[in-house]
Amino acid sequence: MAFAFRIDRSSGVPSYVQIVQQVQQALRLGQLEHGDRLPTARAVVEATALNPNTVLKAYRELESQGLVETRRRHGTFVTGTLGASAGDSPWRAELADVAARARTAGLEREDLAALFTAVLEDLYSSTRLTKEPDAVPHQQS
């Protein structure tokens, strides 16, 4: 699979973080799978005009997360996975429908992203609060 990075220099997000996030997203959506090869650092540099050290920093970060492995002279390969939602899942179609309705209603992309983030924060923070705290064994002295 041909995988290409898109770097948004106006986003305020460091370029190496954008690379890491794009690989993580591709893994979550099933666009990258175990054994897939990431573009070489040289190819990324040529396509994006990034500093080679920026690309290598991103690949090292992905390696430290256990998501890729760099094989000397062969490239960087996907070794891990994230998430369980394929890019063609029914959830994607449902979210696309919601996004289309929001756009029709006049919401900007950033408005919808902020709303969705707020909903996720509410949902997942309340989930964490309802979990029982881990039991700590009593130690006798």
Side-chain angles (χ1 to χ4, degrees), residues 1-139 141:
M1 162 182 218
F3 184 80
F5 296 107
R6 300 167 313 281
I7 304 301
D8 180 0
R9 288 178 169 75
S10 65
S11 70
V13 177
S15 298
Y16 88 93
V17 173
Q18 290 183 49
I19 291 172
V20 169
Q21 290 173 338
Q22 288 174 31
V23 169
Q24 291 171 335
Q25 181 176 357
L27 289 169
R28 290 186 190 285
L29 296 176
Q31 296 168 339
L32 283 175
E33 297 177 347
H34 188 275
D36 285 345
R37 183 178 173 187
L38 294 182
T40 64
R42 176 181 288 178
V44 176
V45 168
E46 289 174 3
T48 62
L50 290 174
N51 182 309
N53 290 329
T54 301
V55 179
L56 295 174
K57 182 176 182 179
Y59 282 17
R60 281 192 305 269
E61 175 62 25
L62 290 164
E63 197 163 5
S64 74
Q65 294 177 10
L67 298 175
V68 301
E69 175 184 276
T70 300
R71 300 178 195 150
R72 197 170 204 153
R73 297 187 182 159
H74 295 285
T76 302
F77 296 86
V78 174
T79 56
T81 186
L82 290 171
S85 177
D88 60 350
S89 79
W91 290 107
R92 183 181 180 111
E94 197 164 329
L95 288 170
D97 181 54
V98 169
R101 286 188 287 141
R103 185 176 186 183
T104 300
L107 269 68
E108 296 292 329
R109 177 188 176 125
E110 291 77 18
D111 298 332
L112 185 58
L115 281 171
F116 192 66
T117 299
V119 168
L120 290 175
E121 291 295 324
D122 289 346
L123 179 65
Y124 284 95
S125 65
S126 65
T127 302
R128 278 185 296 215
L129 294 176
T130 59
K131 288 183 177 178
E132 292 292 324
D134 294 335
V136 179
H138 178 71
Q139 295 182 350
S141 52

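Counting from 1, the numbers follow the sequence of the chain as shown. This structure is a prediction, so every number in the text was calculated from the model and none was measured. Hydrogens, waters and symmetry mates are skipped; everything else that's a heavy atom, side chains included, is used.
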Enumerate donor-acceptor pairs with a distance under 3.5 Å from any side-chain N or O in residues 69-77 to protein atoms, sequence neighbours excluded.
{"residue": "E69", "atom": "OE2", "partner": "R71", "partner atom": "NE", "Å": "2.9"}
{"residue": "T70", "atom": "OG1", "partner": "E63", "partner atom": "OE1", "Å": "3.4"}
{"residue": "T70", "atom": "OG1", "partner": "T76", "partner atom": "OG1", "Å": "3.2"}

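- Separating the CG atom in L112 from the OG1 atom in T117 is a distance of 9.0 Å, to the nearest 0.5 Å.
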Please test V98 against R101 for side-chain contact (heavy atoms from CB on, under 4.5 Å), starting from the C-alpha separation and ending with a verdict. CA-CA 5 Å; V98 169; R101 286 188 287 141; 3.4 Å; yes
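- With hydrogens and angles ignored, the 3.5 Å screen pairs a side-chain donor or acceptor of D36 with a backbone N or O of E33.
- Shown here is R9, whose CZ atom has more than 12 heavy atoms of other residues, nucleotides or ligands within 6.0 Å.
- A heavy-atom distance below 4.5 Å is not found between the side chains of D97 and E94.
- For the atom pair Y16 OH and N51 CG, the distance stands at 14.0 Å (nearest 0.5 Å).
- In this structure, the side chains of L29 and R92 come closer than 4.5 Å at one or more pairs of heavy atoms.
- Once rounded to the nearest 0.5 Å, the distance linking CZ of R103 with CG of D111 reads 12.5 Å.
- L32 contributes atom CG, which lies 11.5 Å from atom CD of Q24 (distance to the nearest 0.5 angstrom).
- The minimum heavy-atom distance between D8 and Q18, with the atom names listed, is N-OE1, 2.8 Å.
- Separation of atoms CZ (F3) and CD (Q31) is listed at 7.0 Å; rounding is to 0.5 Å.
- A 4.5 Å side-chain heavy-atom check between E61 and L67 finds every atom pair outside the cut-off.
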Taking distance alone, no hydrogens or angles, what donor-acceptor pairs closer than 3.5 Å link side-chain atoms of residues 52-60 to residues at least two apart or in another chain?
{"residue": "Y59", "atom": "OH", "partner": "P39", "partner atom": "O", "Å": "2.5"}

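- The structure places CZ of R6 at 12.5 Å from OG1 of T48, a figure rounded to the nearest 0.5 Å.
- Here the side chains of L95 and F116 are in contact, with some heavy-atom distance below 4.5 Å.
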